[in-house]
2 protein chains.
Amino acid sequence: MSPSNPTSPAGALSLEQQICYAMHTTVRAFDAVYRELLAEHGLSYPQYIALMTVGEHGPLTVSGLGEHLRLDSGTLSPLLKRMEAAGLVERVRDPEDERRVLVSATPAGHDRLAALGDVPHQIAVRSGLSRQEMLDLHRTLRQVTERLDTGA
Amino acid sequence: MSPSNPTSPAGALSLEQQICYAMHTTVRAFDAVYRELLAEHGLSYPQYIALMTVGEHGPLTVSGLGEHLRLDSGTLSPLLKRMEAAGLVERVRDPEDERRVLVSATPAGHDRLAALGDVPHQIAVRSGLSRQEMLDLHRTLRQVTERLDTGA
DNA sequence: AACAATTAGATTGTGCGCAATTTGATAGTA
DNA sequence: TACTATCAAATTGCGCACAATCTAATTGTT
């Protein structure tokens, strides 16, 4: 029971874990707002991000999209399948390498993106963060992620 | 293409979305480290957090635990069922109100927690955050979460 | 040309998270 | 007492995320 240990004694949730859990909680709070904003457009947040990415970076392979989003085919394949069924993206086998699948946004997909143009601003307002706070937070997050990724 | 618009033009992922996505990414990076540290103990991160909470705050109802973790019975019921099967928690109907289920850590659960005592420190080291950065980040996260929650 | 190794996606299985519904117990009220 | 409303937990259904496996196409080697 020595309270002088800075890594916090057993019995109280340590600060480190509070931070990690707080991050989980914050992400879910963001998700809830996105869900609210995207529901009427029939998109989930991961679908929205994927649509933005393929809409902006032209035709991408599944693995190429996965590098942008840090997701693998186990996640992306069914997600893209649903979005293709919804008419938002197109999946075409690359004639030059039949292993690859090229994913691109359909005209309907671009229209959907245009209709969602205000979402980023809505999110920014809801978060209540100042521009500087956003920059700081963003920097910290990128820094932590890199440390966690490379620190194996 | 007017670069003077602070809400960012269509065509580039806006900062706000980068932040939200960066947070998703960081959470998954944390999860990966936790997965690595917890795998040999047969726990997922949500299970770990749940075990810590019931181990610390004595017998809790499912909804009481849900208030701590901001999760509902749809998530907790199956999670607790698995942890009960693993012998880490005990679930007992409250005799005074048969609707309630009281969840508590078993001796084996407390032992497991003791064996995981070093995990918080490991996470802290891996994240590479200074104490002050952790405090700032934690404060920012709590602030954002509250704004997002109450800002409906 | 034939065969092994690699690569890209898809698939399977498990767990988390949330919305919606269901089941059972407790309160509250006519 | 009987009937309704409320509440706690569990269940169902869907989508995301990840590990592991599988299939098919390409590349490399002999």
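Residue numbers start from 1 in every chain, and the chains themselves are labelled A, B, ... in the order their sequence lines are given, proteins ahead of strands.
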Is there a side-chain contact between [X] and the phosphate of [N], meaning an N or O under 4.0 Å from OP1 or OP2?
X      : N       : value
T61(A) : dG9(C)  : yes
K81(B) : dA9(D)  : no
S77(A) : dT11(C) : no

Between atom [atom1] in [X] and atom [atom2] in [N], what is the gap in whole Å?
X      : N       : atom1 : atom2 : answer
D72(A) : dT21(D) : CG    : C1'   : 13 Å
Y48(B) : dG15(C) : OH    : C1'   : 19 Å
R93(B) : dA8(D)  : CZ    : P     : 12 Å
L43(B) : dT14(C) : CG    : C1'   : 15 Å
R70(B) : dC18(C) : CZ    : P     : 10 Å
H24(B) : dA17(D) : NE2   : P     : 7 Å
R35(A) : dA20(C) : CZ    : P     : 11 Å
M83(A) : dG15(D) : CE    : P     : 13 Å

Between the NE2 atom in H24(A) and the OH atom in Y45(B), the distance rounded to the nearest 0.5 Å is 5.0 Å
In this structure, CD of E36(B) is separated from CG of D31(B) (nearest 0.5 Å) by 12.5 Å
(message) Counting only heavy atoms not in R142(B) (residues, nucleotides, ligands), do more than 12 fall under 6.0 Å from its CZ?
(response) no
Side chain [X], main chain [Y], donor-acceptor under 3.5 Å:
X      : Y      : answer
R70(A) : T25(B) : no
R93(B) : E98(B) : yes
T26(A) : A22(A) : yes

Touch class at under 4.0 angstrom, heavy-atom based, for [X] against every strand present:
X      : answer
S73(B) : base
L76(A) : nothing
T75(B) : base

Result for 5'-nearest mapping on DNA chain D, choosing between P78(B) and S44(A), is P78(B)
Checklist line | Check: H68(A) and H57(A) side chains under 4.5 Å, non-hydrogen atoms | finding: yes
Closest to the 5' end of DNA chain C, once L79(B) and L60(A) are matched to their nearest nucleotides, is L60(A)
Within residues 94-104 of chain A, the residues having a heavy atom closer than 4.0 Å to DNA chain C are R99(A), R100(A), V101(A)
Which of dA10(C), dA10(D), dA17(D) is nearest the side chain of L71(A)? It is dA17(D)
